[in-house]
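Shown next, in structure tokens, is the structure this report addresses.
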Amino acid sequence: MLTTRLLASSQGAIRHLSTTRTALSSSTPSTTGDSVKVLGILDALKNTSPQEEASSNIGNLIKHAAQAQKKKDSSSDFDVNSITQQLHRASENYQLHINASPNNTIITLTRPNGSPLITTSGGSAGFKKAARSGYEAAHQAALQLLEKKAAKNLNPRNIHVILKGFGPGREAAFKALVGEKWNIKRITDATPVPFGGCRPKKARRL
């Protein structure tokens, strides 16, 4: 269908060129030089057959279509947005919170967005009442977190350790967890410090 249309248009163009040639040949002598030049151009165009012209047009269409498809395929193979998202996920840090209060030591492993994965404490390690805040309770809570991590087959790449409070289990939990082969990228002390703040409680008298 496309070839038939191209052939018809080419034949019409050749007929138009023949009419123009006849008109130029019967022109006045003053324009003879210009007419000879135009007639030469018309002869060169007339020597091209309709079949050759149609095939060249079809070839150009196929070539442009192939180039457009190639550009489309190459752009789909290299997606900048997906690569950026993968690199961003790889650079995110899991968070390891150690909350050492005077009464207990709570250790939590969270995802980079803050959602908890594993939580242990001196109480969950089997210690009662005042013993929950001790050195041994924090150490056992840290070991329990490592056991749960292995049981859940978690392998966080990068770790951000966040310490909070000055309880007796702070150092114990930190030392037990650092002994594990973590890739610690950052350590932060998030202990709240009042600047002025509220009036403190009355001193306890023993």
- [ ] Could you tell me whether the side chain of Thr110 reaches within less than 4.5 Å of the side chain of Tyr94, counting heavy atoms only?
- [x]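 No, too far: nothing below the 4.5 Å cut-off.
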
Residue pair [X] / [Y]: nearest heavy atoms and the distance that separates them:
X	Y	result
Trp182	Pro156	CZ3-CG, 3.8 Å
Thr105	Gly169	OG1-CA, 3.6 Å
Thr120	Ala141	OG1-O, 3.0 Å
Ala125	Ala137	CB-O, 4.4 Å

TODO: Show your working on side-chain contact (heavy atoms from CB on, under 4.5 Å) between Ile118 and Leu154 and close with a plain yes or no.
DONE: CA-CA 10 Å; Ile118 304 171; Leu154 295 175; 3.8 Å; yes

Open item on the list: Suppose we screen for side-chain contact (heavy atoms from CB on, under 4.5 Å). Which residues come up paired with Ala142, at least two apart in sequence or across chains?
Closed with: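 Scan of Ala142 (side-chain contact (heavy atoms from CB on, under 4.5 Å), adjacent residues dropped) gives Ile107, Ala176, Leu177.
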
- [ ] Please list, chain by chain and in numerical order, all residues satisfying side-chain contact (heavy atoms from CB on, under 4.5 Å) with Asn183, sequence neighbours excluded.
- [x]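 Only Asn158, Lys185 meet the side-chain contact (heavy atoms from CB on, under 4.5 Å) criterion with Asn183.
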
If you measure from [atom1] on [X] to [atom2] on [Y], what distance do you get to the nearest 0.5 Å?
X	Y	atom1	atom2	value
Glu92	Arg157	CD	CZ	11.0 Å
Thr108	Ile98	OG1	CD1	10.0 Å
Leu163	Thr191	CG	OG1	7.5 Å

Open item on the list: Would Val161 and Arg186 count as a side-chain contact (heavy atoms from CB on, under 4.5 Å) here? Give the steps.
Closed with: CA-CA 6 Å; Val161 179; Arg186 188 177 178 186; over 6 Å; no

Open item on the list: Applying side-chain contact (heavy atoms from CB on, under 4.5 Å) to Val178 and Ile184, what does each step give before you reach the verdict?
Closed with: CA-CA 8 Å; Val178 170; Ile184 299 176; 4.2 Å; yes

Under 3.5 Å, which donor-acceptor pairs do the side chains of residues 143-152 form with other protein atoms, sequence neighbours left out?
unit_1	atom_1	unit_2	atom_2	d
Gln144	OE1	Ser124	OG	3.1
Gln144	NE2	Ser124	O	3.4
Lys152	NZ	Leu117	O	3.1

Open item on the list: Once side chain to side chain donor-acceptor pair (under 3.5 Å) is applied, what residue pairs with a partner in residues 126-139 remain, sequence neighbours excluded?
Closed with: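 Applying side chain to side chain donor-acceptor pair (under 3.5 Å) to every pair that reaches into residues 126-139, excluding sequence neighbours, yields Glu136-Gln140.
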
TODO: With sequence neighbours excluded, give me every side chain to side chain donor-acceptor pair (under 3.5 Å) pair touching residues 195-206.
DONE: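 Residue pairs passing side chain to side chain donor-acceptor pair (under 3.5 Å), neighbours aside: none found.
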
Task: Inter- and intrachain pairs under salt bridge (charged side-chain N to carboxylate O under 4.0 Å, His left out), touching residues 158-177, at least two apart - done: Arg170-Asp189

Task: side chain to side chain donor-acceptor pair (under 3.5 Å) partners of Thr188, counting only residues at least two apart - done: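 Listed in chain order: His160.
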
Task: Which residues share a side chain to side chain donor-acceptor pair (under 3.5 Å) with Asn113, sequence neighbours left out - done: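 Checked Asn113 against side chain to side chain donor-acceptor pair (under 3.5 Å); matches are Ser115.
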
